[in-house]
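Only a predicted model underlies this, so the values are computations on that prediction, with no experimental measurement involved.
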Amino acid sequence: MKILMVCLGNICRSPLAEGIMRHLVDEEGLDWHIASAGTGDWHVNQPADKRSIAVARNFGYDISKQRARHFNKQMFGAYDYILVMDQNNLRDVLRLADDHEQRKKVKLFLTEENEVTDPYFDDRLFEPVFLEIEERCKQLIQELKPVS
């Protein structure tokens with residue numbers, strides 16, 4: 001299974017989701033590919049925001065080697081699920097989809113009613129955002145892993 005996490009700049013929320021999910025998937029022994037990207041291209045090839053790296057480290061995850069990527073149309077073919085952090089990301093990704101098959105891969109990371117808050121402008125939001133993402137990653141693994 002291949003899962004892509006998407007936020008705006010690929011430096012705060014989606015790198016956390018990628019790093020957490022990758023770590024948890026490895027712990028479960030699942031052969032899944034996890035990656036992330038941003039709908040904006042401002043931070044391409046840059047590391048995650050230092051605050052995301054720090055909060056992840058505080059909880060035992062290392063996202064320091066991840067680098068920002070820009071979402072592109074080819075990613076529809078490369079991933080089974082494209083999980084976006086908010087309604088703006090949803091709109092931006094769906095705008096690039098060519099057909100129904102591509103559109104049905106795209107879902108909000110949380111639920112249709114809930115978005116992951118962008119912590120970029122408020123240092124105090126990084127830990128609550130981390131905890132929300134970690135909890136959802138655990139749920140997603142239970143929802144998506146094959147029954148043995």
The complete set of salt bridge (Lys or Arg N to Asp or Glu O under 4.0 Å) pairs with one or both residues in residues 28-47, sequence neighbours excluded, reads Glu28-Lys145
So, the side chain of Arg51 versus the backbone of Tyr120: is there a donor-acceptor pair under 3.5 Å, distance only?
yes
Which of parallel (below 30°), tilted (30 to 60°) and perpendicular (above 60°) describes Tyr79 and His33?
parallel
Check: Arg13 and Asp86 side chains under 4.5 Å, non-hydrogen atoms
yes
State the CD1-OG distance between Ile133 and Ser14, to the nearest 0.5 angstrom.
8.5 Å
Starting from Leu8, can I reach Phe71 by hopping between I/L/V/M/F/W/Y residues whose side chains sit under 4.5 Å apart?
no
Apply the test side-chain contact (heavy atoms from CB on, under 4.5 Å) to residues Leu140 and Tyr81: give CA-CA distance (whole Å), side-chain angles for both, the deciding distance (0.1 Å), then the verdict.
CA-CA 11 Å; Leu140 283 166; Tyr81 295 94; over 6 Å; no
What pair of heavy atoms forms the shortest contact from Lys104 to Glu101, and how long is it?
CE-OE1, 3.2 Å
Can a side-chain donor-acceptor contact be found between Asp49 and Ser52 if the only test is distance below 3.5 angstrom?
no
Distance from Ile141 atom CD1 to Met21 atom CE, nearest 0.5 Å?
5.0 Å
Chi angles and distances behind the side-chain contact (heavy atoms from CB on, under 4.5 Å) call for Phe109, Asn89
CA-CA 10 Å; Phe109 178 77; Asn89 305 144; over 6 Å; no
Closest heavy-atom pair, Ala97 versus Arg103, reported as atoms and distance to 0.1 Å, is CB-CG, 3.5 Å
Rounded to the nearest 0.5 Å, what's the gap from CD on Gln66 to CG on Asp62? Could you check?
8.5 Å
Taking C-beta and beyond as the side chain, do Val116 and Leu16 meet within less than 4.5 Å on heavy atoms?
no
Given the rule in the side-chain contact (heavy atoms from CB on, under 4.5 Å) test, do Glu132 and Arg136 qualify, once you have shown the distances and angles that lead to the verdict?
CA-CA 6 Å; Glu132 182 175 54; Arg136 181 62 179 142; 5.8 Å; no
Are Met5 and Leu90 joined in one hydrophobic group, where the rule is that I, L, V, M, F, W and Y side chains link up if heavy atoms are under 4.5 Å apart?
no
Under a 4.5 Å side-chain heavy-atom rule over Ile, Leu, Val, Met, Phe, Trp and Tyr, are Leu96 and Leu83 clustered together?
no
Return the minimal non-hydrogen interatomic distance between Cys7 and Met85, and the atom names on each side.
CB-CG, 3.7 Å
Apply side-chain contact (heavy atoms from CB on, under 4.5 Å) to residues Asp92 and Val6 and explain how you reach the verdict.
CA-CA 10 Å; Asp92 292 343; Val6 179; over 6 Å; no
Looking at Arg124, I want to see if its CZ is surrounded by more than 12 non-hydrogen atoms of other residues, nucleotides or ligands under 6.0 Å.
no
In terms of heavy-atom contacts, Thr39 and Val93 come closest through CG2-CG2, 3.9 Å
Answer yes if Val44 and Trp42 sit in the same cluster of Ile, Leu, Val, Met, Phe, Trp and Tyr residues linked by side chain heavy atoms under 4.5 Å apart, and no otherwise.
no
Would you say NZ of Lys2 has more than 12 non-hydrogen atoms from neighbouring residues, nucleotides or ligands within 6.0 angstrom?
no
Between CD of Glu18 and CG of Leu4, what distance do you get to the nearest 0.5 Å?
8.5 Å
Shortest non-hydrogen contact from Tyr61 to Gly19?
CD2-O, 4.1 Å
Atom CG in Asn114, atom CD in Gln87: separation rounded to 0.5 Å?
10.0 Å
Can you name the closest pair of heavy atoms from Ala48 and Ile63 and give their distance?
CB-CD1, 3.9 Å
Angle class for the Phe59/Phe130 ring planes (parallel below 30°, perpendicular above 60°, tilted otherwise)?
parallel
Indicate if Ile20 and Val25 have the same hydrophobic cluster label, given that clusters are the connected sets of ILVMFWY residues with side-chain heavy-atom separations under 4.5 angstrom.
yes
OG-CG distance between Ser36 and Asn10, expressed to the nearest 0.5 angstrom
4.0 Å
